[in-house]
Amino acid sequence: MYTEEVMDHFRNPRNVGEIENADGIGEVGNAQCGDIMKIYLKIDDDIITDVKFLTFGCGSAIASSSMATELIKGKSIDEAVELTNKAVVDALGGLPKVKVHCSVLAEQAVKAALHNYAEKTGKTIKGLEDFDPDFDVHEHEHEHL
Amino acid sequence: MYTEEVMDHFRNPRNVGEIENADGIGEVGNAQCGDIMKIYLKIDDDIITDVKFLTFGCGSAIASSSMATELIKGKSIDEAVELTNKAVVDALGGLPKVKVHCSVLAEQAVKAALHNYAEKTGKTIKGLEDFDPDFDVHEHEHEHL
Amino acid sequence: MERRVYLDNAATTMVRPEVVETMNEYFTELYGNPSSIYDFGQKAKKALAGARETVAGLINADVDEIYFTGCGSESDNWAIKGVAEKYCSKGKHIITSKIEHHAILHTCEYLEKNGFEVTYLEVDEYGMVSLDDLNDAIREDTILISIMFANNEIGTIQPIKEIGAIAREKNIFFHTDAVQAFGHVPIDVEEMNIDMLSASAHKIHGPKGVGMLYIKKGIRPENLIHGGAQERKMRAGTENVPGIMGFAKAVEIAGETMEESIGKTTALRDRLMKLIPEKIENAKLNGHPTSRLPGNVNFSFEFIEGESLLLYLDMDGISASSGSACTSGALDPSHVLMAIGLPHEIAHGSLRLSLSDFNTEEDVDYTVEKLVNVVDRLRQMSPLYTG
Amino acid sequence: MERRVYLDNAATTMVRPEVVETMNEYFTELYGNPSSIYDFGQKAKKALAGARETVAGLINADVDEIYFTGCGSESDNWAIKGVAEKYCSKGKHIITSKIEHHAILHTCEYLEKNGFEVTYLEVDEYGMVSLDDLNDAIREDTILISIMFANNEIGTIQPIKEIGAIAREKNIFFHTDAVQAFGHVPIDVEEMNIDMLSASAHKIHGPKGVGMLYIKKGIRPENLIHGGAQERKMRAGTENVPGIMGFAKAVEIAGETMEESIGKTTALRDRLMKLIPEKIENAKLNGHPTSRLPGNVNFSFEFIEGESLLLYLDMDGISASSGSACTSGALDPSHVLMAIGLPHEIAHGSLRLSLSDFNTEEDVDYTVEKLVNVVDRLRQMSPLYTG
Ligand SMILES: Cc1ncc(COP(=O)(O)O)c(C=O)c1O
Ligand SMILES: Cc1ncc(COP(=O)(O)O)c(C=O)c1O
Ligand code: FES
Ligand code: FES
């Protein structure tokens with residue numbers, strides 16, 4: 001069902017946990033739908049120096065969060081904001097069709113955390129102008145069940 | 001499907017053949033329905049001294065003819081006329097339900113041969129007063145197919 | 001992987017070696033068609049008759065009331081649609097429950113699209129149908145009541161005899177999907193007032209692809225599979241002789257060992273039901289505490305999600321399920337867990353462990369040990385857990 | 001009994017040892033439910049995907065167009081009723097032939113009782129459908145044409161590609177019951193314009209209780225068996241993994257050996273078709289002399305009746321059939337022999353010998369020798385024979 005990369009990130013998820021006094025925190029999804037992702041960012045000089053996540057969700061949700069954190073760690077804000085769910089899926093070697101929305105959730109969680117950082121610091125992040133932190137991926141995704 | 005007795009009479013049918021100048025010949029059934037029985041009788045002093053049969057039909061038709069001839073051989077006319085299909089079935093140790101009409105055919109063939117003997121000789125045989133030599137067992141039997 | 005502990009026997013079971021042996025003879029030696037006239041086919045026919053007797057015996061039915069099918073789902077479809085089509089002139093209302101298997105529910109939904117009305121009875125927090133609700137739901141035009149014997153997810157056993165009595169009194173046909181109960185707990189169709197009953201071989205260590213429908217004499221549903229004269233003209237298709245013989249062998253063993261097996265699996269079940277909440281906080285038992293299948297254990301663990309749980313358990317060699325096997329891969333929590341009133345987020349974290357004769361106390365203890373770790377690990381990862 | 005010569009391969013076949021071996025692994029080792037998430041079930045899922053590919057490959061279909069069922073009869077029922085229900089708004093007229101298997105005929109009769117109209121095409125003395133008749137029968141409201149690929153009794157192979165072309169041109173679905181042809185002769189659903197095709201594993205040395213329906217992409221018949229999400233939600237029921245794997249193994253071997261096998265069985269068939277009328281007077285070949293299945297031989301012997309013939313042959317160890325296995329035990333001559341215009345009394349004396357790969361030239365010669373004696377013996381007993 002899952003690729004070796006997915007299983008590797010599921011088996012040994014990278015960057016699990018919380019960051020105290022994080023510079024940005026994003027939470028997306030909801031428990032009713034069976035998936036919540038929370039991402040914590042430590043940002044110095046527009047560089048993501050640390051990132052951690054907590055996820056309530058299926059195997060691919062955990063793997064997507066883990067992969068997303070790996071992909072943005074050490075990157076600049078401008079790079080991180082360009083992270084797409086497709087990049088997560090590709091890095092994982094693919095996801096089953098019904099699980100693609102987990103990767104969308106990971107993308108949204110990163111954006112939400114960056115958005116939170118922008119709000120706190122009063123900065124503007126290019127690419128987040130239209131971001132809606134309350135976006136619910138499930139409203140659009142529950143149909144293919 | 002068939003009892004040992006049926007198979008024995010089918011495997012080694014008794015009294016197969018014709019009798020030249022038979023005293024009574026009876027034929028019942030029709031080829032369309034897949035079964036014809038023809039019985040030849042040799043009668044001396046009201047005793048059936050010889051009997052033969054020819055049958056076009058299934059295994060139980062052949063066994064029923066064979067058994068019927070055995071049951072009436074050496075018997076008096078009065079005894080032979082009382083041969084029932086049930087006696088044939090019992091002697092054969094039973095027949096499958098859909099095959100019972102083969103034994104009816106054997107009873108009818110014997111009666112037809114006796115009837116023919118009676119007609120030829122001008123005798124009256126008790127129990128054959130109402131016998132209809134053109135009786136077709138299939139008209140009544142084809143329903144359970 | 002050091003150890004394999006198979007705890008998904010409600011999804012399907014290992015075929016018993018004795019059953020495989022039985023079937024093998026019919027694959028390559030006695031492969032004749034039972035409808036054939038030659039000795040070779042007649043032997044198969046005789047064997048079938050024996051199998052029918054064995055299966056009938058287990059539920060106190062008559063041999064002429066047993067019809068072999070291709071699976072439990074086919075039996076369910078045949079029972080429901082067959083009665084609906086044949087008796088629709090008497091009425092077009094059917095009563096079933098909210099926690100039936102999809103083979104019943106989707107069939108009922110199909111009938112609803114075709115002019116039938118279906119009442120889906122609610123169940124209580126333990127998954128029990130209420131006899132009062134049933135009585136209230138019965139109408140002039142009710143032709144069929146279909147209530148499952150035991151639920152596949154939460155193991156709850158319904159008051160079948162009482163339901164049957166109500167149906168009989170009202171002159172309504174009573175069908176029960178006994179796919180999970182048949183061969184596991186005693187069933188007596190006479191005593192329990194059952195008119196039709198579905199079963200499936202692969203749930204009792206028999207082969208997949210063989211089912212059975214018991215139909216009480218005098219009831220004549222429309223055929224689902226028309227064609228040849230097999231199964232007394234009620235279910236066409238060359239008889240699956242090896243499969244049916246294997247099914248009968250499985251039934252024979254199930255019958256002989258039922259008492260012992262119930263004792264053994266109940267003990268294992270109760271051990272799981274005791275140890276799990278002892279060692280894991282916020283673990284909620286789903287299903288009825290006592291009126292439940294000897295082999296069924298179902299818990300919800302707060303703050304975690306079922307698929308992750310299954311995958312981690314699988315890494316420890318433990319095969320289990322979350323909701324029914326048929327709905328995994330779907331992301332919605334199961335309709336059964338919803339019906340017993342679980343909130344979504346708790347339903348998501350449910351685990352079904354289903355035991356068989358082949359499980360041991362070591363299996364149970366190993367599972368509990370691993371489960372404790374896995375739940376803890378997932379909770380540490382969960383944003384919901386504040387523990 | 002010194003010798004067993006099995007010549008009823010059109011009724012059912014011996015399961016190949018390689019197929020049994022394949023299945024055995026799935027009975028006791030890889031018995032996991034393919035819908036399950038753990039590795040153990042996913043292995044079964046992967047195996048199924050491979051099987052689907054193998055089966056699709058044999059008829060040049062796409063993997064997504066193959067649906068496994070419980071038997072050939074189920075496939076036939078599903079195709080006919082599924083299309084009828086789903087597309088009835090387009091029309092309620094179906095065209096089939098008089099010589100179809102009962103799985104088609106009785107399904108059509110069932111539909112007739114439910115408001116559909118069915119045209120049963122006549123066949124010529126060889127059992128061939130006429131394309132002109134077909135063209136004439138097509139109406140505005142025709143939604144389905146179902147013509148069998150090859151007949152089970154007399155072996156006649158229909159002009160499938162041409163029938164398919166007509167159907168396609170008129171935008172009517174074309175189903176073919178290929179239960180006797182699949183795995184025996186080359187089939188290409190693309191080239192032959194086939195929209196739906198039924199097959200059954202036990203006719204090609206696979207297991208009983210496994211069938212297949214090919215459904216061209218874009219066609220969506222109503223389900224026959226509602227329930228779980230198996231077979232892409234179109235056929236519920238826990239997948240019969242061992243059976244399907246066995247079916248695939250049989251298909252694989254059938255595909256690899258088809259050319260050789262056709263050569264061999266055709267030679268044996270032709271030997272029977274030459275020797276029988278040479279050695280037995282008043283023997284009439286039934287079916288088409290050349291457009292026929294490689295393994296099918298069917299003769300009528302005047303003045304004698306089929307059941308007796310079969311029973312005597314059985315005593316010599318020869319298993320054969322008279323008409324189709326499904327109708328033996330019935331006393332009426334087969335509808336196929338009637339449709340090709342045989343008089344009743346000649347139809348009664350018909351014999352079908354159906355060959356497989358496992359038969360030899362010795363089998364053939366032994367059979368002819370015994371047949372000569374048996375026919376002679378029965379004729380000596382027959383009041384119709386004057387010879
Ligand atoms: C032409 C044809 N169609 C359908 C069937 C039915 O197949 P099954 O016995 O697998 O249901 C058969 C064989 O019995 C057949 O020969
Ligand atoms: C309660 C219940 N009914 C019906 C079924 C369907 O049985 P099968 O998979 O044999 O079609 C199952 C199992 O999947 C079940 O648990
Ligand atoms: S988190 Fe919902 S399915 Fe992956
Ligand atoms: S003679 Fe017709 S079935 Fe026996």
Side-chain angles (χ1 to χ4, degrees), chain C residues 4 6 8 11-15 17 20 24 27-28 31-33 35-41 69-74 76-77 101-103 106-107 110 200 202 207-210 223-229 236-243 307 310-311 314 319-321 325-326 328-330, chain D residues 4 6 8 11-15 17 20 24 27-28 31-33 35-41 69-74 76-77 101-103 106-107 110 200 202 207-210 223-229 236-243 307 310-311 314 319-321 325-326 328-330:
Chain C
R4 167 147 299 287
Y6 186 71
D8 202 15
T12 195
T13 58
M14 186 190 80
V15 181
V20 175
N24 278 341
F27 287 138
T28 52
Y31 55 85
N33 190 318
S35 303
S36 303
I37 212 160
Y38 38 80
D39 177 66
F40 186 45
T69 66
C71 60
S73 300
E74 183 193 328
D76 282 345
N77 274 258
H101 190 267
H102 283 143
H106 290 166
T107 302
Y110 161 80
S200 188
H202 73 95
K208 295 179 175 65
V210 186
N223 291 11
L224 182 69
I225 299 183
H226 296 86
T238 301
E239 296 91 339
N240 180 357
V241 182
E307 189 198 288
L310 295 188
L311 287 172
D314 186 34
S319 302
S321 111
C326 288
S328 85
Chain D
R4 167 148 299 288
Y6 185 72
D8 203 14
T12 195
T13 59
M14 186 190 80
V15 181
V20 175
N24 278 341
F27 287 136
T28 51
Y31 55 85
N33 190 318
S35 303
S36 302
I37 213 161
Y38 39 79
D39 177 65
F40 186 45
T69 66
C71 61
S73 300
E74 184 193 327
D76 283 345
N77 274 257
H101 190 268
H102 283 142
H106 289 165
T107 302
Y110 161 79
S200 187
H202 74 96
K208 294 179 175 65
V210 186
N223 291 10
L224 183 68
I225 300 183
H226 296 85
T238 301
E239 297 91 338
N240 179 357
V241 183
E307 188 197 289
L310 295 188
L311 288 172
D314 186 33
S319 301
S321 111
C326 289
S328 86

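Lettering follows sequence order; numbering is per chain, from 1.
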Between D:Lys208, D:His226, D:Glu74, D:Glu239, which shows the greatest number of heavy-atom pairs under 4.5 Å with chain C?
->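 Between D:Lys208, D:His226, D:Glu74, D:Glu239, the count favours D:His226.
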If you count heavy-atom pairs under 4.5 Å between each of D:Gly209, D:Gly243, D:Pro242 and chain C, which one has the most?
->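 Most heavy-atom pairs within the cutoff with chain C belong to D:Gly209.
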Assess whether side-chain contact (heavy atoms from CB on, under 4.5 Å) is satisfied between D:Thr28 and C:Val20, documenting all intermediate values.
-> CA-CA 8 Å; D:Thr28 51; C:Val20 175; 3.7 Å; yes
To the nearest 0.5 angstrom, please state how far the [atom1] atom of [X] sits from the [atom2] atom of [Y].
X: C:Asn33; Y: D:Ser319; atom1: CG; atom2: OG; value: 11.0 Å
X: D:Thr69; Y: C:Ile225; atom1: OG1; atom2: CD1; value: 8.0 Å
X: C:Leu224; Y: D:Tyr110; atom1: CG; atom2: OH; value: 8.5 Å

Can you give me the closest heavy-atom contact between [X] and [Y], atom names plus distance?
X: D:Ala320; Y: C:Tyr38; answer: O-CE2, 3.0 Å
X: D:Tyr31; Y: C:Thr12; answer: O-CG2, 3.1 Å
X: C:Ser36; Y: D:Asp8; answer: OG-OD2, 3.5 Å
X: C:Cys71; Y: D:Ala236; answer: SG-O, 4.3 Å
X: D:Asp314; Y: C:Asp39; answer: OD2-N, 2.7 Å

By a 4.5 Å heavy-atom criterion (distance strictly below it), what part of [X] contacts chain C: side chain, backbone, both, or neither?
X: D:Asn240; value: both
X: D:Asp76; value: neither
X: D:Ser200; value: neither

C:His106 side-chain N/O to D:Gly227 backbone N/O, donor-acceptor pair under 3.5 Å |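 Such a contact is found between C:His106 side chain and D:Gly227 backbone.
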